[in-house]
Structure formats: structure tokens, C-alpha cells
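Following: one structure in C-alpha cells, then a few remarks.
Below, chain A is the first sequence line, B the second, and so on; all start at residue 1.
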There are 2 protein chains.
Amino acid sequence: MSEASIAILKFHNLRITDCRVHVVKHFLEGNGVYSQRDLENKYRQYDRVTIYRTLNNLLQAGVLHRIPNESGMATYGLFDQSSTSKHRFDNHIHFKCNRCGQIECLDDREVPQVSVPKGYSVERVNLIIDGTCPSCT
Amino acid sequence: MSEASIAILKFHNLRITDCRVHVVKHFLEGNGVYSQRDLENKYRQYDRVTIYRTLNNLLQAGVLHRIPNESGMATYGLFDQSSTSKHRFDNHIHFKCNRCGQIECLDDREVPQVSVPKGYSVERVNLIIDGTCPSCT
DNA sequence: ATCTAAAAGCAACAATGTTGCATTTATGTA
DNA sequence: TACATAAATGCAACATTGTTGCTTTTAGAT
């Protein structure tokens, strides 16, 4: 799994450091969405600023994207690395379970066509679905 | 405009206080979406904790809803007061202009039907559209 | 006009976001 | 392999936001 992390980092011309490998690995291993806090708790060996900057770097490099959420805490998810579609950068569907709080990327789903009022142009569409996930049903 | 604010507060069995009237009025007058900071800046006569609690109260009463966003700062919008549909509580479309940063509620738009994988149940759908608004085109 | 529960204001603290700077480290090159 | 250097880390520090407790003030019922 470290192999994959390293490959991703190299692909994006990012230096291979412990923190980055761990963070990318964490996203690769779970299909989920994580906040800075999640990573701080998991990897206490790194300073929170380092994790903060690591997330920002990965964000800027296009490895991660930020998930819109209501809680007022930034959360991050991995871009679907397998997809080569241009649209992988544009459209996202996230599912948030109201019981366990877990957020998942539903990357295989197509974002439905959306109509907007005249004069508006659409660049990106984010869909956040609330409900109950299979494990909590 | 204060009339409308007061009517809304009464309808929700909330006491009529200066701060609440001002905050609701602010949301009524703009079609937009505001953060706590926006309101603090506008209404410096109120303590930020008062505004914080006012927003929470309005949220709980169902006057406002929180808008999912990527920035990591809670933002609020007014529920469409005219709609009586059950779905007004469930589905939202927001448009964020990448140039001016303004967020608008597109309450008149229907949220498209979304399909989720087997085992997931949908309670609410939030759609966040990024792009360019008419004034910035 | 009075009473009381609710709201506001204030202080305080936790969590998060963010920057500067000194130290350490990854990586290209000799 | 060793070296040089730009980049990343760790630490301190500070700003902003989220949150709670407590005292004072006030809206609204009587």
C-alpha cells in the first residue's frame, strides 16, 4: 500500500516523506473522507501543522479534494485515481450517514444533469446525500 | 421588512428580540447565504456569542439551514418561506460563483432524482454548483 | 406593574486555521 | 557515495471560530 502512495506522490512531483506517505495511504485504505483531526489522532507522531500543510499540498497537487459539509470543519477525500475522465475533477457525489456520521465517496455514480437559470454557467457539481448507510440500516 | 421578520419569529414561537429581527431581516433582504462573520460585521452592536446563539436558535427552529461548503466555515441560508412542500426541508440547490464568491439559493429549481447503491437510503439531497453567476459573466 | 423564563453580554477556554523561522531531510548532482 | 540545496518538518505564536457557564437584562405572560 505504501507502494501506491509513493507512486501517487511521484506522479504529482511531490517529495516522498513519511507524513505524506502515511496520509495518502490512509486515504487509499479507507474509501472514506477524513478531517485534519482524524489524521492527527491517527498519526500523533506528526505535528498538526505538518498534517495541515500536507493536506494543503495534496489538495493543491490534485491528490485530494475538499468535501463540502455543513459542520464547519474541512474534510478531504481522495480523487478517484483510476478515472482518467476530465470530469473526475469536476463532479462528486458524497454520501453522509446520519447515524454513524461516516462520509463516503460514491465515485462510480454519475452526477445527474442539472439545469441552472439563464446566465449562470456551471463548472462543477457537488452532490451531498444524507441518509442511512447499509451498515446502519 | 421588520414585519416579515417578526412574523417569521412568531410563527416559530421565538421571542422577538432586536438581534433576531435584524438577523432574519438580513437573510430576507438578500437572497444569499451568510456566515456568522458576515453578520458580526454588519451588526457590531451584538456580541458574537449572541449572534452565534441566534443562528443556532434559528437553525433549530427551522428558519435557517446550514449550507455545506468546502471552506470550513459554517454558512447559513433562509428556508424558502413561501414553499409549503415537505421537500423544502430536504433538498437544496446552491450556486457558488467562483469569481465573486457569492452563494445563492436556487430554491425554485427541482433537485434531480439521484440513484444510490443498494442498501443506502436517501433522506436529503444537497446540490452545490460552482461556476460563474450572471453578474460576473 | 410585576414576575419569570428566556435571551444577551461577558469571560473564558478549546479547536482550528495560519504564518514565520530554525532545524532537518529528500533528492539531484559531482 | 558524499555534498549542496531547496523543500519539508517541528515549534512557537497568534487569529479566528466554536462552545459553555454565569450574571444581568428583557420579552411577554399574568
Of the listed nucleotides [options], the one nearest the side chain of [X]:
X: Arg48(A); options: dA13(D), dC10(C), dA26(C); result: dA13(D)
X: Val49(A); options: dA15(C), dT19(D), dT19(C); result: dT19(C)
X: Tyr52(A); options: dT19(C), dG10(D), dT16(C); result: dT19(C)
X: Arg20(A); options: dA12(D), dA8(D), dC10(C); result: dA8(D)
X: Arg15(B); options: dT9(D), dC22(D), dA6(C); result: dA6(C)
X: Thr17(A); options: dG10(D), dA15(C), dA8(D); result: dA8(D)

In whole angstrom, give the distance that lies between atom [atom1] of [X] and atom [atom2] of [N].
X: His22(B); N: dA8(C); atom1: NE2; atom2: P; answer: 13 Å
X: Glu70(A); N: dT17(D); atom1: CD; atom2: P; answer: 19 Å
X: Asn57(B); N: dA7(C); atom1: CG; atom2: P; answer: 6 Å
X: Asn56(A); N: dT9(D); atom1: CG; atom2: C1'; answer: 15 Å
X: Ile51(A); N: dT18(C); atom1: CD1; atom2: P; answer: 16 Å
X: Tyr46(A); N: dC11(D); atom1: OH; atom2: P; answer: 13 Å
X: Asn69(A); N: dT16(C); atom1: CG; atom2: P; answer: 12 Å
X: Met73(A); N: dG17(C); atom1: CE; atom2: C1'; answer: 13 Å

> Considering heavy-atom distances to DNA chain D, does Asp47(A) or Leu14(B) have its closest nucleotide positioned more toward the 5' end?
Replying inline: Asp47(A)
>> Could you check whether Glu29(A) pairs with Lys42(A) (Lys NZ or Arg NE/NH1/NH2 to Asp/Glu carboxylate O, under 4.0 Å)?
In response: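 Looking at Glu29(A) and Lys42(A), the cut-off is not met.
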>> If we ignore hydrogens and angles and just use 3.5 Å, is the side chain of Asn57(B) paired with the main-chain N or O of Ala61(B) as donor and acceptor?
In response: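 No; judged by distance alone, with no hydrogens or angles, the pair does not exist.
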> Which residue, Ile67(A), Val33(A), Leu59(A), forms the side-chain contact (heavy atoms from CB on, under 4.5 Å) with Tyr76(A)?
Replying inline: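 One option only clears the test, and that one is Leu59(A).
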> Under 3.5 Å, is there an N or O donor on one side and an acceptor on the other linking the side chain of Arg53(A) and the base of dG17(C)?
Replying inline: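 Between dG17(C) and Arg53(A), which were checked side chain against base, a qualifying N/O pair under 3.5 Å is absent.
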> Got more than 12 heavy atoms from elsewhere within 6.0 Å of CD, Gln113(A)?
Replying inline: no
> Below 4.5 Å, heavy atoms only, C-beta onward: do Phe95(B) and Cys133(B) meet side chain to side chain?
Replying inline: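 Contact flag for Phe95(B)/Cys133(B) side chains = yes.
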>> Looking at Arg37(A), I'd like to know whether one of its side-chain N or O atoms comes within less than 4.0 Å of OP1 or OP2 on dT16(C).
In response: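 Affirmative; the distance criterion is met.
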>> So, OP1 or OP2 of dG18(D): does either fall under 4.0 Å of a side-chain N or O from Gln36(B)?
In response: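 Indeed, a polar side-chain atom of Gln36(B) lies that close.
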